[in-house]
Student: 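Right, I'll just put the structure down here and ask away after.
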Amino acid sequence: MSAEKINDISAGGYFSIPGGLGFPVTTKIFTPEKFTEEQKMAVETAKKFIEKDVLPKLAAIDEQKGDYGVTVGLLKKVADMGFLGTDVAEEYGGSGLDFATAMCVSEVFGAGGSWAVSWAAHSGIGTHPILFFGTEAQKKKYLPKLVSGEWTGAFGATEPEAGSDLYGAKTKATLSPDGKSYILNGNKTFISNSGFANLFVILAKVDGDPKKSACFIVEKGAPGFTVGKEESKMGISGSSTCPLNLVDVQVPAENLLGEIGKGIHIIFNTLNIGRLKLGAMTTGSGKHVINDAVKYAVERKQFGIPVAQFGMIKEKLANMVVGAWMTESAVYRTAGMVEEKFKATDFKDFAQTLDALREYEIECAILKVAGSEMFWYVADENVQVHGGYGYTKDYLAERYLRDARINRIFEGTNEINRLTAILNMLERAGKGKLPLAKAGAALAAQLEEGSAEELPDEKLAAQAELVNGMKKMFFVAGGRVLEKFPVREKIVAQQEILRRLSDMLILMYLAESGLLRAKEHGGEIQEAIVKLYVQNAAMETEKLAKEVLAYLEEGDMLKSYLGRLKRLARPLANNLVDPVSLQRKIADKLIETKKYFL
Ligand SMILES: Cc1cc2nc3c(=O)[nH]c(=O)nc-3n(C[C@H](O)[C@H](O)[C@H](O)COP(=O)(O)OP(=O)(O)OC[C@H]3O[C@@H](n4cnc5c(N)ncnc54)[C@H](O)[C@@H]3O)c2cc1C
């Protein structure tokens, strides 16, 4: 096989879709190794704050009652450091830094447990709708207050009967007879920061008409607006989560955000950025918990040696590092792409703003799922590394596990995000932006011809070949799904199949992101990480593709498809790496440094 063929993972190849799922024409992707001096400084400052001001107060944050004084105080403190408006323009009181810097800060703050949730809800979904969609007057009035920490923001979309199905939200807005205000009636539930927030972005429907969804800025204290009792939660206990009740709440007409009929788009597209930031925050949380795991594992002795020296514990530690590093690679790759898109957008035109926020919605959904599941894995294995002590409240491991769980639920559950990723992908394919079915057919012919087995003498050449193979397996399975269910209504009824395709997408995106990063910046450990991840991902992808095809086909047709998969999976057998030695290498380095070291 030629070098060009191998490199088609980065030159677009079959999978190139303009502006869609990554796979950029250039191999150069944004990575932590490319942080600017300014970004490095932001990371250092944020780290110092988390270590000095938040981590020692985790218990105090969880136990605060009433006014959330500790949380609000810490929000004010980071406001002074410029971290409530990292990427907000200076004219509105922000720091005027770029989106990628805001992502770096999000990653570091991820370690801050409940406080980090309050910070993210405020500076993300509580502020972003106004930053992205506000009129000049709304931005001037509200952003300086939010960015300075004088006010705290919240985002009210979910309702008791409309969680995943936000289209089903019933909160109603009616224009007053004099046209000066909207009257809001309805109920919201699970609203982060609501116990202390001053400003709420509320999703409603004008006249209850599903075609007239709209967002409104509602200020605390508006007559008829009440915040209900705090939820008693499994984790993130120091964050505020309450229901809201709106009875004839009068909102000035100028507090309509964006356009009537576009409220749901404001919510969903603001969430895209929230999901990407959640990917960064869970990456940071994951690294933080890895530090906890290795610290304990080297100190705790059984059978006369530290438990870190046992192979099964090393395996866990290595897998944690692999998950965190691969997720981080995809997070910053996406941050770089979003950053480019944002630079080319002035956020003055509604349609253009929506377009900018929507461009990488597939990647944002992927990272929400990948980050939250990596963090959950790390937090769970950390409890295991701690043994019985991990199950007690004397150690932080149990808190980390409880705090980690919510990430798979909010910002859209992982089921919804899996659907978002794959349905958008298939929709783009259906619109001809991605020639999935055509590529599948072309591939079939190529596979019949067979391919040469020789790999170029390049770093990670076998892994590049495997990533190509994963993409092709996706084409074979996804292309066949599109042929069998060409209409959206038919595809959406095949959720188990969509889940499998979505998992293939997640594996591909992370595998390719880590590969591209390691090719440019990788040392021995990074290469070991990529080898391990890509091999597992390719095996899992083959299994998922087989399951999809087994559902779609039978008899000779199934055999023929399985034959194609087998040919695509050939590089797996030809280039099998020894996972045990690689895991030991990674774990030994972690044990030697006693903290996440990459
Ligand atoms: C601590 C916390 C903080 C939150 N903060 C906010 C906030 O600040 N603002 C806000 O607006 N909301 C917030 N939420 C709400 C959160 O976003 C929702 O809980 C979440 O979107 C899921 O909605 P639901 O709880 O009604 O679950 P449901 O929608 O009832 O889902 C139940 C189960 O069914 C699955 N499911 C639902 N629909 C489908 C489908 N079509 N296909 C496959 N599976 C499906 C779900 O994945 C889930 O597993 C918060 C929630 C919590 C717990």
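This chain uses plain numbering: 1 for the first residue, then up along the sequence. We count ligands from 1, going down the list as the structure has it; atoms in each ligand are counted the same way.
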Student: Output yes when R418 and D503 qualify as a salt bridge under the 4.0 Å nitrogen-oxygen rule, no when they do not.
Tutor: yes

Student: Between the main-chain N or O of C242 and the side-chain N or O of S194, is there a donor-acceptor pair closer than 3.5 Å?
Tutor: yes

Student: Can you report which non-hydrogen protein atom sits closest to atom 31 (O) of ligand 1, along with the distance?
Tutor: S164 OG, 3.8 Å

Student: Taking it one step at a time, do F375 and Y400 satisfy ring pair (Phe, Tyr, Trp, His ring centres under 6.0 Å)?
Tutor: CA-CA 9 Å; F375 180 29; Y400 293 143; 7.7 Å; no

Student: Heavy-atom contact check, 4.0 Å cutoff: does L419 meet ligand 1?
Tutor: yes

Student: Could you check atom 49 (O) of ligand 1 against the protein and tell me its nearest heavy-atom contact, residue, atom and distance included?
Tutor: E415 OE1, 3.6 Å

Student: Verify the ring-centre separation between H128 and F155: is it less than 6.0 angstrom?
Tutor: no

Student: With heavy atoms of K233 as the reference, note each atom of ligand 1 found under 4.0 Å away.
Tutor: 1 (C)

Student: Could you check which of F200, F410, F190 puts a non-hydrogen atom nearest to atom 25 (O) of ligand 1?
Tutor: F190

Student: Closest by any non-hydrogen atom to atom 22 (C) of ligand 1: pick that one out of I125, L271, T413.
Tutor: T413

Student: Which is closest to atom 16 (C) of ligand 1 in terms of heavy atoms, V117, T158, I236?
Tutor: T158

Student: Could you state the interatomic distance from CZ (F350) to OG1 (T135), rounded to the nearest 0.5 Å?
Tutor: 12.5 Å

Student: Between E150 and K145, does at least one N-O distance fall below 4.0 Å, as a salt bridge requires?
Tutor: no

Student: For atom 53 (C) of ligand 1, which of I409, I406, I267, D165 has the closest heavy atom?
Tutor: I406

Student: At what distance is the nearest protein heavy atom to atom 39 (C) of ligand 1, and which residue and atom is it?
Tutor: I416 CD1, 3.8 Å

